[in-house]
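Reminder, nothing fancy here: chain letters follow the sequence lines and each chain counts from 1.
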Amino acid sequence: MILEEIHARLTETLQSRVLALFGQAVDRIVLQAPPKLNMGDLATPVALELAKALKRKPREIAQQLADGMTLPLLVASVSVEGAGYLNFRLDRGAFTAAHLQSVMEPPAPSGTRVIVEHTNINPNKAAHIGHLRNSVLGDTYVRCAKWLGDRVETQNYIDDTGVQVADVVVAFEKLEQKTLADVEALIANPGDESFDYVCWNVYSQMAQHYAANPDALQWRRETLHRIEEGGNETAAMAATIARAIVHRHLKTMQRLDITYDLLPKESDIIALHFWDRAFELLKQSGAVVLEAEGKHAGCWVMKLDEAEEFAGMNEPDKILVRSNGTVTYTGKDIAYQLWKLGRLDRTFDYREFARAGEHIVWETTHDGTTDPRAPKFGGASRVVNVIDSRQSYLQKVVKEGVRQVAGEAAAEASIHFAYEMVALTPSTAKALGMELSEEDASRTYVEMSGRKGLGVKADDLLNWLQFNASEAVRNSLAKRAEPGEFKDGEDHAIAERVGKQVAIGALRYFMLRFGRNKVIAFDWEEALRFEGDSGPYLQYSTVRVQNIFAKMRKEGIDPRIDDRAVDDLTLNQGFTDDMWELVRLSAELPAAIRRAVDSLELSIVTQYLLELAQKFNSFYHKYPIRNEKDAAERQRRAVCAEVFRRTMVGALELLGIPVPERM
RNA sequence: GCGCCCGUAGCUCAGUUGGAUAGAGCGCUUGCCUCCGGAGCAAGAGGUCGCAGGUUCGAAUCCUGCCGGGCGCACCA
């Protein structure tokens, strides 16, 4: 946090100086690292900005600001550079000593209650790579927001009454003539493939059946009706299937160290009549009206033609209640969103759904009894919904509904974390058995299709990553192990363990490294690469630095990185630019996290860590530590390495990427 | 038709909210394992920042208009 303090002090000093000297108030001072190290450590173009208003030369203004300026602690000097930049140099030794003690020290907690909703996979088939992007973005956001001091509640919404679940029920009942007992037996003993994989195929068979026999859609309508009615075998089957699949999804996500606090279920939202209450509120605020005539006659619609965002649309009005009296998805979503904001005076009951170690995953219920151990859910002052950008329009409608019922502030607190879809490169699609038209084959990507059962399943990808990574670790161990180092297949156990960690690192990094509104064209070859711009590169760099200290400990060499042993003066002499760049960059982590969370652009963090790791690897080759004879020089190098180590260990935790014992 | 997103090196992408000489990874060329672990490092080639105007001290970044691609705009979820 040391750099943030310097920023704050410099900003303050400059603002008061500009006011005193030129009578100008500047609300924001841009401070950034100059392009070249010899230009200093921090630079501001404030004089360039003032030049126009003052009608004076930028360099002149900058010089006047610099002359006689009182510099904050750890800032060594100020100078005028280039066209009129005001550049500052830091006291390298003192800064490093101070930074070493505060690496990864989080900012003061905000205590803001935040709900993050992510994953939200239809509980009717196995998770695929598109879902992984959602979950990884959501989970990483949660980790970063928590570090910044927010009190975060993670929700994974379960649509257990929708068309997708119904279609699997129809397939089992009609196509395969299975009873509830048959399905229960299948769940208990799914055979070669897990139950979510079985349903993946069943679902796509059903979709194909509908395509060939449109009359079968009648089955879907009947099934949906019976599910909503409840108290029959069909409804019981739907619930059973959904639960079993959700358990599978949680298992898959747990492989990536992703978990949840609460699983709100659509069936409970219906049973507890959340919509009825939301409907009252919407009517009271005048947000919905009953259409008497026209093509929406008999429907309750939200009028959007006056809202600026929806202007110019063909059909800006959104139906919330159909003419047959049933509620649309958007309507239910408004009710749910109001609950999350604490603006719907109804709530759920809760019970334990599953455990991940000590952590309890709760689910909603509607039976009137709540487990006394359950924490308070809902009622957040910020709600972040991780939902793919194809639903941007609907999310805007939900936000508008919230605005009309609960006001501007509540609408602004409802944040759609939008991201683009994951598609497949033509070669990967082909490998999955997708038939490509000539046109498709020439595109950069083609969409997956759940209905056709064409997509890359999350567990398959993880398995492959794990397989390849374990193989790489085995090779590396075989090459580097000292004779007799491993016995009883110990090396195989390590390869398995580390392989899992590398797979997680590779996958999570891959899902984060692209900007969120970039379509990811998934390619097997690229995803399985562990070099360069990848998670394993970060892990490798961290393992490396850990190794240096492990070796020194083993050999009884004191690296003298204990905070008290670090002496500014020793550090100051002979501090090379390479070393300094590494330390200075490592101090920018908190700023990177802040920007990432504020902009919902988590690739900022992977980008930053790649650069940091590159700086370290370069440093590593140039400045051996263990073999350095001069004690002061060795300490200087060790401190730089330690600063990097602490930064990296902390940062990888925020990305959910584990640090392997060796690679 | 309307709205949102994308267009930067051969390919995949960054570019810190308008700042200094546009950067990485992959691929290609050339070096580096008696030396803390080569999943690495050093160096090189590679650019009309889609096109055309505009705004200003300054534009890949902001504004306007085009061109090309994607996604939305259900009484589906």
Side-chain angles (χ1 to χ4, degrees), chain A residues 30 32-36 39 43-45 48-49 51-52 57-58 81-85 122 159 161-164 266 295-296 298-299 301 309-316 318-324 326 328-330 332-333 388-394 396 418 420-421 423 425 443-445 447 469 472-473 475-476 479-480 502 513-515 517-521 523 525-526 529-534 536-537 539-541 543-545 547-552 555 588 591-592 595 599 603-604 606-608 610-611 614 617-628 637 641 662-663:
Chain A
V30 176
Q32 54 197 177
K36 286 273 195 277
M39 297 173 181
T44 176
L48 281 81
E49 286 162 23
K52 194 179 181 191
K57 290 180 180 155
E81 312 267 350
Y85 288 89
N122 269 307
D159 181 5
T161 61
V163 176
Q164 296 223 19
E266 174 150 293
K295 68 181 196 181
H296 292 162
C299 299
V301 306
E309 285 178 305
F310 303 93
M313 280 180 52
N314 265 348
E315 287 289 335
K318 177 71 198 169
I319 292 168
L320 297 189
V321 181
R322 304 181 186 100
S323 54
N324 68 5
T326 56
T328 61
Y329 165 81
T330 311
K332 281 181 274 195
D333 210 17
D388 107 63
S389 54
R390 281 174 290 195
Q391 295 201 43
S392 290
Y393 164 70
L394 286 173
K396 274 185 184 171
E420 272 293 349
M421 63 172 168
T425 59
R443 289 183 206 278
T444 48
Y445 59 83
E447 252 188 274
V473 177
N475 290 339
S476 143
K479 207 161 61 187
R480 290 160 182 163
V502 172
R513 61 181 264 236
F514 305 95
N517 37 25
K518 220 107 191 182
V519 174
I520 295 181
D523 187 74
E525 226 175 298
E526 196 195 337
R529 210 160 37 204
F530 298 152
E531 291 147 7
D533 186 5
S534 74
Y537 177 81
Q539 292 174 307
Y540 183 72
S541 311
V543 168
R544 242 184 181 172
V545 72
N547 227 328
I548 297 171
F549 292 113
K551 278 224 158 116
M552 287 174 92
E555 293 167 4
E588 286 176 21
R595 267 190 296 135
S599 63
S603 60
I604 288 172
T606 51
Q607 203 81 227
Y608 162 81
L610 174 68
E611 197 187 334
Q614 283 170 331
N617 275 317
S618 177
F619 164 86
Y620 171 90
H621 282 274
K622 224 162 164 179
Y623 302 96
I625 296 170
R626 253 178 63 218
N627 297 332
E628 174 55 42
R637 294 178 183 182
R662 53 189 299 171
M663 277 175 83

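A:Ser389 places no side-chain N or O within donor-acceptor distance of the main-chain N or O of A:Ser392, the cut-off being under 3.5 Å. Judged purely by atom type and a 3.5 angstrom limit, A:Thr328 has no side-chain atom pairing as donor or acceptor with the backbone of A:Val321. Counting only distance, with no hydrogens or angles, the side chain of A:Thr330 and the backbone of A:Leu320 share no donor-acceptor pair below 3.5 Å. A donor-acceptor contact shorter than 3.5 Å is absent between the side chain of A:Ser476 and the backbone of A:Ala472. No donor-acceptor distance shorter than 3.5 angstrom exists from the side chain of A:Ser618 to the backbone of A:Gln614, with no hydrogens or angles considered.
Scanning all heavy atoms of the two residues, the minimum distance from A:Ala592 to A:Ile604 falls at O-CG2, 3.7 Å. Contact between A:Thr161 and A:Glu266 at its shortest, heavy atoms only, is OG1-OE2, 2.9 Å. Looking at every heavy atom in both residues, A:Thr606 comes nearest to A:Arg513 through OG1-CA, 3.6 Å. Counting all heavy atoms, side chain and backbone alike, A:Ala641 lies closest to A:Val545 at O-CG2, 3.5 Å. Minimum interatomic distance between A:Ser603 and A:Gly515 (heavy atoms only, all atoms of both residues): OG-CA, 3.9 Å.
Looking at heavy-atom distances under 4.0 Å, A:Gln614 makes contact with sugar-phosphate atoms alone, never a base. Note on A:Thr330: nothing from the nucleic acid sits closer than 4.0 angstrom, heavy atoms only. Residue A:Arg529 is classed as a sugar-phosphate contact, given heavy-atom separations below 4.0 Å to backbone atoms only. Residue A:Gly515 is classed as a sugar-phosphate contact, given heavy-atom separations below 4.0 Å to backbone atoms only.
Side-chain atoms of A:Asp533 lie closest to B:rG25 of the nucleotides B:rC73, B:rG25, B:rC5. With B:rC5, B:rC75, B:rU21 as the candidates, the nucleotide lying closest to the side chain of A:Cys299 is B:rC75. Of the candidates B:rA42, B:rC13, B:rG3, B:rG3 carries the atom nearest the A:Lys396 side chain, counting heavy atoms from C-beta on. Closest approach to the A:Phe530 side chain among B:rA39, B:rC41, B:rC6 is made by B:rA39 (side chain taken as heavy atoms from C-beta onward). Residue A:Arg443 places its side chain closer to B:rG69 than to any other of B:rC41, B:rA77, B:rG69.
Contact between the side-chain N/O atoms of A:Tyr537 and the OP1/OP2 oxygens of B:rC26 is not found at any separation under 4.0 Å. For A:Ser618 and B:rA42, the shortest distance from a side-chain N or O to OP1 or OP2 is below 4.0 Å. Considering only side-chain N and O atoms, A:Tyr540 lies under 4.0 angstrom from the phosphate OP1 or OP2 of B:rA39.
In this structure, NZ of A:Lys518 is placed 13 Å from P of B:rC5, rounded to the nearest angstrom. The distance from atom NZ of A:Lys332 to atom P of B:rC75 is 15 Å, rounded to the nearest whole Å. Rounded to whole angstrom, the span from the CD atom of A:Gln539 across to the P atom of B:rA39 amounts to 14 Å. The separation between A:Ile319 atom CD1 and B:rC73 atom P is 14 Å, rounded to whole Å. Across the protein-nucleic acid pair, A:Glu531 atom CD and B:rC41 atom P stand 11 Å apart, rounded to whole Å. Rounded to whole Å, the distance from CD on A:Glu420 to C1' on B:rG69 is 12 Å. Atom-to-atom, CG of A:Asp523 to C1' of B:rC13 comes out at 14 Å; the value is rounded to the nearest Å. Rounded to an integer number of Å, the gap from A:Arg513 CZ to B:rA24 P is 16 Å.
Consecutive pairing runs in RNA chain B reach the stem threshold at B:1-7 with B:67-73, B:10-13 with B:23-26, B:28-32 with B:40-44, B:50-54 with B:62-66, where a stem means at least three Watson-Crick or G-U wobble pairs with distances under 3.5 Å.
For B:rU17, the O4'-C1' to base torsion is within 90° of 0; the nucleotide is therefore syn. In textbook terms, a nucleotide whose glycosidic angle is within 90° of 0 is syn, while B:rC32, being further out, is anti.
Here the side chains of A:Val519 and A:Tyr445 are in contact, with some heavy-atom distance below 4.5 Å. Using a 4.5 Å heavy-atom threshold, the side chains of A:Tyr620 and A:Ile625 count as separate. The side-chain heavy atoms of A:Arg637 and A:Phe619, taken from C-beta on, include a pair separated by under 4.5 Å.
Spacing of P atoms, B:rG40 relative to B:rC26, comes out at 7 Å, to the nearest Å. The gap from the C1' atom of B:rA45 to that of B:rG31 amounts to 15 Å, rounded to the nearest Å. A distance of about 35 Å separates the C1' atoms of B:rC2 and B:rC11, rounded to the whole Å. A distance of about 38 Å separates the C1' atoms of B:rC71 and B:rU21, rounded to the whole Å. Taking atom P on both nucleotides, B:rC75 is separated from B:rG18 by 40 Å, rounded to a whole Å. Taking atom C1' in both B:rG47 and B:rG15, the straight-line distance is 14 Å, to the nearest Å. Taking atom P in both B:rC63 and B:rC6, the straight-line distance is 12 Å, to the nearest Å.
Mapped onto RNA chain B by nearest heavy atom, A:Val473 and A:Leu394 fall at different nucleotides, with A:Val473 at the one closer to the 5' end. In terms of position on RNA chain B, the residue among A:Gln391 and A:Tyr445 whose nearest nucleotide sits closer to the 5' end is A:Tyr445.
Contacts of A:Tyr540 classified as ring pair (Phe, Tyr, Trp, His ring centres under 6.0 Å), with partners at least two apart in sequence or in another chain: none. With sequence neighbours excluded, no residue forms a ring pair (Phe, Tyr, Trp, His ring centres under 6.0 Å) with A:Tyr608.
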Polar-atom pairs under 3.5 Å, protein N or O versus N or O of nucleotides 15-20 of chain B: list them with distances, or write none.
residue : atom : partner : partner atom : Å
B:rG19  : O2'  : A:Tyr85 : OH           : 2.0

Got a list of protein N/O to nucleotides 49-51 of chain B N/O distances below 3.5 Å?
none

Would you tabulate the pairs of protein nitrogen or oxygen atoms and nucleotide nitrogen or oxygen atoms of nucleotides 34-36 of chain B closer than 3.5 angstrom?
residue : atom : partner  : partner atom : Å
B:rC36  : O3'  : A:Lys551 : NZ           : 3.4
B:rC36  : O2   : A:Ile625 : N            : 3.3
B:rC36  : O2   : A:Arg626 : N            : 3.0
B:rC36  : N3   : A:Ile625 : N            : 3.0
B:rC36  : N4   : A:Tyr620 : O            : 2.4
B:rC36  : N4   : A:Tyr623 : O            : 3.1

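Taking only distance into account, the side chain of A:Ser323 meets the base of B:rC75 through a donor-acceptor pair shorter than 3.5 Å.
Other residues, nucleotides and ligands place no more than 12 heavy atoms under 6.0 Å from the CD atom of A:Glu525.
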Show, in sequence, the C-alpha distance, side-chain angles and deciding distance for A:Arg626 and A:Glu555, and conclude whether the salt bridge (Lys or Arg N to Asp or Glu O under 4.0 Å) test is met. CA-CA 10 Å; A:Arg626 253 178 63 218; A:Glu555 293 167 4; 3.0 Å; yes
